[in-house]
Amino acid sequence: MDKEKNIPIEDGNEEVFDEAQAEETAGEEAQNEENTEESAENNEQKDPLDGALDEISKLKDQLLRTVAEFENYKKRTLKEKAELILNGGEKTISAILPVLDDFERALADTHSDDPQAIKDGMELIFKKFTKMLEGLGVHKIETDGQDFDVDFHEAVAMVPGMGDDKKGKVIDCVQTGYTLNDKVIRHAKVAVGQ
């Protein structure tokens, strides 16, 4: 059973092996070949270049999606802004329409010769209009006896000789000023004591 074989070695010397050792060596070589093939496949699968290309592809796709989403967002917000500009006064106009209706009714009722009734009707319409403006955030700037404030008042005249207690104070209001939600939309034109 013990057969010996002479296996040549690269340097030309021959070594003697028995058959069991030869089979064991052949099994190891076959396993080494399988391991080599598996490691070659793993190397091919885990090739850093392929992994990097896959990662680049994923990142590029993600970037394109993000850019497209951002572009859609910009278009949507521009459309909303344009709509607000075009229809922003809708609330105000809707609030003013009832006052306009009252004016139409007052003008249609011209058969009345009673000046007091006409005056009372106009006062009611004025109060309704003022209340509607206050509901929209528009408020009258108070000027009577107030200190002159450049943030709210515009001096159109200086009145000399009013005394020291009236110096720097609003004497008269030439045109009423208004604020919208605490922002001045029209300064009150006033005469100031000097």
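All figures in this text were calculated on a predicted structure; none of them were measured in a lab.
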Spacing of [atom1] belonging to [X] relative to [atom2] belonging to [Y], to within rounding of 0.5 Å:
X: Glu154; Y: His187; atom1: CD; atom2: NE2; value: 7.5 Å
X: Asp149; Y: Thr143; atom1: CG; atom2: OG1; value: 12.5 Å
X: His139; Y: Ile185; atom1: NE2; atom2: CD1; value: 10.5 Å
X: Leu49; Y: Ile56; atom1: CG; atom2: CD1; value: 8.5 Å
X: Glu80; Y: Lys75; atom1: CD; atom2: NZ; value: 14.5 Å
X: Leu97; Y: Asp102; atom1: CG; atom2: CG; value: 11.0 Å

Flag yes if more than 12 heavy atoms outside Glu69 fall under 6.0 Å of its CD atom; otherwise flag no.
-> no

Counting only heavy atoms not in Asp54, do more than 12 sit closer than 6.0 Å to its CG atom?
->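 Yes, CG of Asp54 has more than 12 neighbouring heavy atoms, counting only those of other groups under 6.0 Å.
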
Quick one: does Arg186's side chain have a donor or acceptor within less than 3.5 Å of a partner on Thr179's backbone?
-> no

Look at the side chain of Ser57 and the backbone N and O of Leu53, then say whether any donor-acceptor pair between them is shorter than 3.5 Å.
->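 No: the side chain of Ser57 does not pair with the backbone of Leu53.
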
Stepwise side chain to side chain contact (heavy atoms under 4.5 Å, CB included) test for Asp120 and Glu123 | CA-CA 5 Å; Asp120 290 344; Glu123 283 178 2; 4.2 Å; yes

If you define the side chain from C-beta out and look only at heavy atoms, does anything of [X] sit under 4.5 Å from [Y]?
X: Cys173; Y: Lys189; value: no
X: Leu136; Y: Met132; value: yes
X: Val156; Y: Val190; value: no
X: Glu104; Y: Asp101; value: yes

Please name the pair of heavy atoms, one in [X] and one in [Y], separated by the smallest distance, quoted to 0.1 Å.
X: Gly193; Y: Ile171; value: N-CG1, 3.3 Å
X: Val150; Y: Phe148; value: CG1-CE2, 3.5 Å
X: His153; Y: Glu142; value: NE2-O, 3.7 Å

Co-membership, hydrophobic cluster, residues [X] and [Y], 4.5 Å side-chain:
X: Tyr178; Y: Val184; answer: no
X: Ile141; Y: Leu180; answer: no
X: Leu133; Y: Phe103; answer: yes
X: Ile125; Y: Ile96; answer: yes
X: Ile93; Y: Leu100; answer: yes

In terms of side-chain geometry, is the basic nitrogen of Asp61 or Lys58 positioned less than 4.0 Å from the acidic oxygen of its partner?
-> no

So, Lys74 and Glu71, do they make that salt bridge, N to O below 4.0 Å?
->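 A salt bridge links Lys74 with Glu71.
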
Reference residue Gln194; test side-chain contact (heavy atoms from CB on, under 4.5 Å); the match among Lys166, Lys167, Met158 = Met158

